[in-house]
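Below is one structure, written out as structure tokens; the observations come after it.
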Amino acid sequence: MPESDGAASPLRLVVGLGNPGRRYENTPHNLGFMLVDRLAEQHGIRVKRRESGALVGAGEMAGARVLLAKPQTYMNLSGASVRALLEKMSVSPGDMILVYDDLDLPWTAVRIRAKGSPGGHHGVESVSGAIGTTDFPRIRLGIAGYRVEDGAEFVLAPFRRAQRQELDELLDHAAQAVESIISVGVEKSMAMFNRRARGHMTEEE
């Protein structure tokens, strides 16, 4: 772990949810993995080490020590890996940021929350069930926002061409949101980064 000057700042754990394997790489359900990869690229962090059922990488971000993680247990079993990481690294749930896709939000929407229910997302259900609380910051990345006939099929289908063209901007916006949460906290970050969709900023409702 990088050392900081003076009193050590608490380690921040940034977890992106997704599924391992090439068949899932370019699907909406892997936006959490993609966001971790974008942060790793921007901050020179190698997310290659295997730890507690996840691929992890340590570094610094926004003046804080961070551990980026991508659980390799498949989405719906992410909780065991996250719980093991929190325990091993002595990180409290409040110092974790969970990032994941959300069918209920429009494509390119970003919604930061300090806590809340899983909202039907099985990966988040697994995490909150394993760690025994829903009180942890999370960033929800919108992938639909309308009624989907078959949710499982939708989230595991490859991105459409139009979506791929907007993906970079979404990941950059979400990466800035992660850094903001670490730097200035959840409340201020909600006002700065929550949006209904690309180009439509909105403050917390």
Margin query: Would Val14 and Leu39 count as a side chain to side chain contact (heavy atoms under 4.5 Å, CB included) here? Give the steps.
Written below: CA-CA 10 Å; Val14 181; Leu39 288 167; 4.1 Å; yes
Next item on the list: For side chain to side chain contact (heavy atoms under 4.5 Å, CB included), just list the numbers for Leu141 and Val99, CA-CA rounded to whole Å, side-chain angles, deciding distance to a tenth of an Å, and then say yes or no.
Entry: CA-CA 8 Å; Leu141 305 179; Val99 186; 3.9 Å; yes
Checklist line | Stepwise side chain to side chain contact (heavy atoms under 4.5 Å, CB included) test for Leu85 and Glu51 | finding: CA-CA 8 Å; Leu85 284 170; Glu51 185 75 65; 4.0 Å; yes
Check: Can you list the steps and then say if Leu31 with Leu167 is a side chain to side chain contact (heavy atoms under 4.5 Å, CB included)?
Finding: CA-CA 9 Å; Leu31 275 177; Leu167 188 55; 3.6 Å; yes
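Within the 4.5 Å cutoff, the side chain of Ile143 has no heavy atoms near those of the Leu105 side chain. The closest side-chain heavy-atom distance from Thr134 to Ser117 is not below 4.5 Å. Here the side chains of Gln72 and Leu55 are in contact, with some heavy-atom distance below 4.5 Å. Between Phe136 and Val127, some side-chain heavy-atom pair lies under the 4.5 Å cut-off. Taking the side chain as every heavy atom from C-beta outward, Leu170 and Val110 approach each other to under 4.5 Å. Looking at heavy atoms from C-beta onward, Leu68 lies out of side-chain contact with Val56 at the 4.5 angstrom threshold. Looking only at side-chain heavy atoms (C-beta outward), Val82 and Pro71 come within less than 4.5 Å of each other. Within the 4.5 Å cutoff, no side-chain heavy atoms of Pro106 are placed close to those of Tyr146.
Ser180 places no side-chain N or O within 3.5 Å of a backbone atom of Gln176 that could act as its donor or acceptor partner. The closest donor-acceptor contact from the side chain of Ser126 to the backbone of Gly79 lies under 3.5 Å. Panel note: side chain His121, backbone Gly123; a donor-acceptor pair is recorded below 3.5 Å. For the pair Arg140 (side chain) and Arg138 (backbone), a donor-acceptor distance under 3.5 Å is absent. Between the Arg83 side chain and the Ile131 main chain, no donor and acceptor come within less than 3.5 Å of each other. Judged purely by atom type and a 3.5 angstrom limit, His43 has no side-chain atom pairing as donor or acceptor with the backbone of Gly59. In this structure, the side chain of Arg113 does not engage the main chain of Met190 through any donor-acceptor pair within 3.5 Å. Listed for the Asn19 side chain is no donor-acceptor partner under 3.5 Å among the backbone atoms of Tyr74. A donor-acceptor pair under 3.5 Å is absent between the side-chain atoms of Asn30 and the main chain of Phe33, judged by distance alone. Here the side chain of Arg12 pairs no donor or acceptor atom with the backbone of Met61 at under 3.5 angstrom.
Summarising the geometry of Val36 relative to Gly16, their closest heavy-atom pair is CG2-N, 3.5 Å, with the distance given to 0.1 Å. In terms of heavy-atom proximity, Ile182 sits nearest to Ala62 at CG2-CB, 3.9 Å. Heavy atoms only, all atoms of each residue included: Ile112 and Ser189 are closest at CD1-O, 3.5 Å. Closest non-hydrogen pair, Pro93 versus Asp135, comes out as CB-O, 4.0 Å. Closest approach of Gly151 to Leu103, counting heavy atoms only: CA-CD1, 4.0 Å. Across Pro137 and Met96, no two heavy atoms sit closer than the pair CD-O, 3.0 Å.
Remark: Arg22 fails to qualify as a cation-pi partner of Tyr24 under the 6.0 Å distance and 45° angle criteria applied to the six-membered ring.
Separating the CG atom in Leu35 from the OH atom in Tyr100 is a distance of 13.0 Å, to the nearest 0.5 Å. Put simply, OG1 on Thr73 and CG on Leu17 are 8.5 Å apart, with the number rounded to the nearest 0.5 Å. Separation of atoms CZ (Arg50) and NZ (Lys48) is listed at 10.5 Å; rounding is to 0.5 Å. Atoms CD and CD, from Glu169 and Gln165 in turn, are 13.0 Å apart once rounded to the nearest 0.5 Å. Thr108 OG1 to Leu171 CG: the interatomic distance, rounded to the nearest 0.5 Å, is 11.5 Å.
A salt bridge does not link Glu60 to Arg65: none of the charged nitrogens lies less than 4.0 Å from a carboxylate oxygen. Taking a cutoff of 4.0 Å between a charged side-chain nitrogen and a carboxylate oxygen, Lys70 and Asp37 qualify as a salt bridge. Using a 4.0 Å cut-off between a side-chain N of Lys or Arg and a carboxylate O of Asp or Glu, Asp168 and Arg38 qualify as a salt bridge.
Using a 4.5 Å cut-off between side-chain heavy atoms of Ile, Leu, Val, Met, Phe, Trp and Tyr, with links allowed through other members, Leu98 and Leu77 fall into different hydrophobic clusters.
Under the 3.5 Å distance criterion, with hydrogens and angles disregarded, no donor-acceptor pair is assigned to the side chains of Trp107 and Gln163.
Aromatic pair His122/His29: centroids not less than 6.0 angstrom apart.
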